[in-house]
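See structure below.
In listed order, ligands and their atoms are each counted from 1. Keep in mind it's a predicted model, so treat the numbers as computed, not measured.
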Amino acid sequence: MKNVLKMLLIIAVFVSCQEKHIDKNVSLIPKPRKITFGDSYLETGTSVSIKSAEELQKQAGYLSGILPEEWAVTAPKDAGLTIELQIDKTLKVNGQEADESYKLQIDDDKITITGRTKAGVIDGINTLHQLLLTAPRVDGKKRLPELTIEDYPRFAYRGMHLDVGRHFFPPEFIKKYLDIMALYKFNKFHWHLTEDQGWRIEIKKYPKLTEVGSIRKETLIGHGGRKRSEYTYDGKAYGGYYTQAEIKDIVAYAQERGITVIPEIEMPGHSLAALASYPELGCTGGPYEVATHWGVFEDIYCTKESTFDFLENVLTEVMNMFPSQYIHIGGDEAPKTRWKECPACQRRIKEEGLKDEHELQSYFIRRIEKFLNRHGRSIIGWDEILEGGLAPNATVMSWRGTEGGIEAAKQGHDVIMTPGETCYFDHYQSKNKNEPLAIGGYLPLEKVYRYEPVPESLNAVEAQHILGAQGNVWTEYMPDSKQVEYMILPRMAALAEVDWTDKKKKDYADFSKRVKEHFKMYRKLGYNYCDH
Ligand code: ACM
Ligand code: ZN
């Protein structure tokens, strides 16, 4: 009898421990600043009501769209669980008054998300979304531990870029890309819309940009060989573009997720598709052809007056589609060959008292900057815009290493870090033989993770000019959206932690454990990813 009692006692203790068992290993990426766990948990399966202030109606709509199916949204009186969204302009985290601060509190019958700003509320929603997607199921129900997360980002600019010029991706995929960005709390989508190989944005005043410029007659197969004569082509016409209505819809979709869409209209180089559409924009008058292979092309916009009229008209329509403060105007890889031989460009150099073609490029960018500044917008340009003198208010995107970024910050300009060696997601991720064809390079996950965007050579004041880091996705060798997913996942997760998490809190071994949980999430969501 004594033994039976003892046995019953052991069973009772075991059962109560089981009931109390709460998995306190959440796999959040990026890692939040502060997380404290309670002693209970919340289960999905009940109905939910969302409570929010009038000003947070849009955020409440976004939240209701990402809740798991088993959590039907109902009226407050029928709900087993309430999720409340609120703004508290005095919210501090770790004593800091950071704009994007948020607090996420999960109790057993209530979830509260408090943001210092709307952006903070969205960050909190995205954290909850990730918790739900990665939560373990117990008896068929998802279980979230009771917890409080207090958090804010290290950098204000957390960017992902996508080149839709080399290959075109449909609007549905752009939305999926934005969904993945939101999941990892990226807030700037740099949309590279014009290229030598295709113009992808409808401009009503210049219909040929899409009628002619969005289509190339064929595409290079593979790397083509070293000599142009060895190149082989697929013989198939390729094209696509976004209508203004599609663009506005995508901009609104991004906005709902706390993401600003920054359009890039390339100039003066990478403009062959525009020249093929309107040959009078080039120095020689053409004829030109939309490019069918990759690289840098010598035909670029001429600096004659009519080119500026064209670009201002294009940018006027662009500003109407994109509310973004920043407009990216490219500026990279513009050979000066044609300008050296062009009477109009040489006349411009003389009349403006410029030293050479580099100063002519600087004149070009400054003129465009003045136009955009007059309309209340600011420019971002690739680091070549430093050559010949930086436009006064320009933000520099440092891609040829970090030197351009360092130089710009020392001159007092804002900088976005996208150096090729740590931020180019078109490079190979592994040295495996079966790795799909990529442009070249080698950028494994760990190297992305260990990237530190603030160069040591900057002092504290200069370091303030580093706004954040961005992953670049050039798509010469990404013919479809599945390949884009493969190239960004999971490297984007690593970059998310570079941009968000405090330097001191980063830990690659710990990140690796969390990223494995994210692989499960990718499989559930049907995302293609690289699992080396
Ligand atoms: C670039 O990769 N040409 C900016
Ligand atoms: Zn010219």
Listing residue and atom name, which protein N/O/S atoms are closer to the Zn ion (ligand 2) than 2.8 Å? Cys283 SG, Cys302 SG, Cys342 SG, Cys345 SG
Within the 4.0 Å heavy-atom shell around Trp474, which atoms of ligand 1 are there? 1 (C), 2 (O), 4 (C)
Identify, with sequence neighbours excluded, every residue that meets side chain to side chain contact (heavy atoms under 4.5 Å, CB included) alongside Arg367. Glu305, Phe308, Arg348, Tyr363
Before we go on, tell me: are the rings of Phe168 and Tyr238 under 6.0 Å apart, centre to centre? no
Please write down residue, atom name and distance for the protein heavy atom closest to atom 3 (N) of ligand 1. Asp332 OD2, 2.6 Å
Tell me, please, which residues at least two apart from Lys433 pass side chain to side chain contact (heavy atoms under 4.5 Å, CB included). none
Salt-bridged, Lys31 to Asp510, with N to O below 4.0 Å? yes
Need the ligand 1 atom indices (1-based, order shown) with element for anything under 4.0 Å from a heavy-atom of Glu333. 3 (N)
Which residue supplies the protein heavy atom nearest to atom 2 (O) of ligand 1, what is that atom called, and how far is it? Tyr424 OH, 2.6 Å
Lys/Arg-Asp/Glu bridge criterion (N-O < 4.0 Å) met for Lys506, Glu497: no
For Glu485, is there an ion pair with Lys482 - N to carboxylate O distance below 4.0 angstrom? yes
His190 ring center near Phe186 ring center (under 6.0 Å): no
Listed partners of Arg377 passing side chain to side chain contact (heavy atoms under 4.5 Å, CB included), at least two apart: Met319, Ile327, Leu372
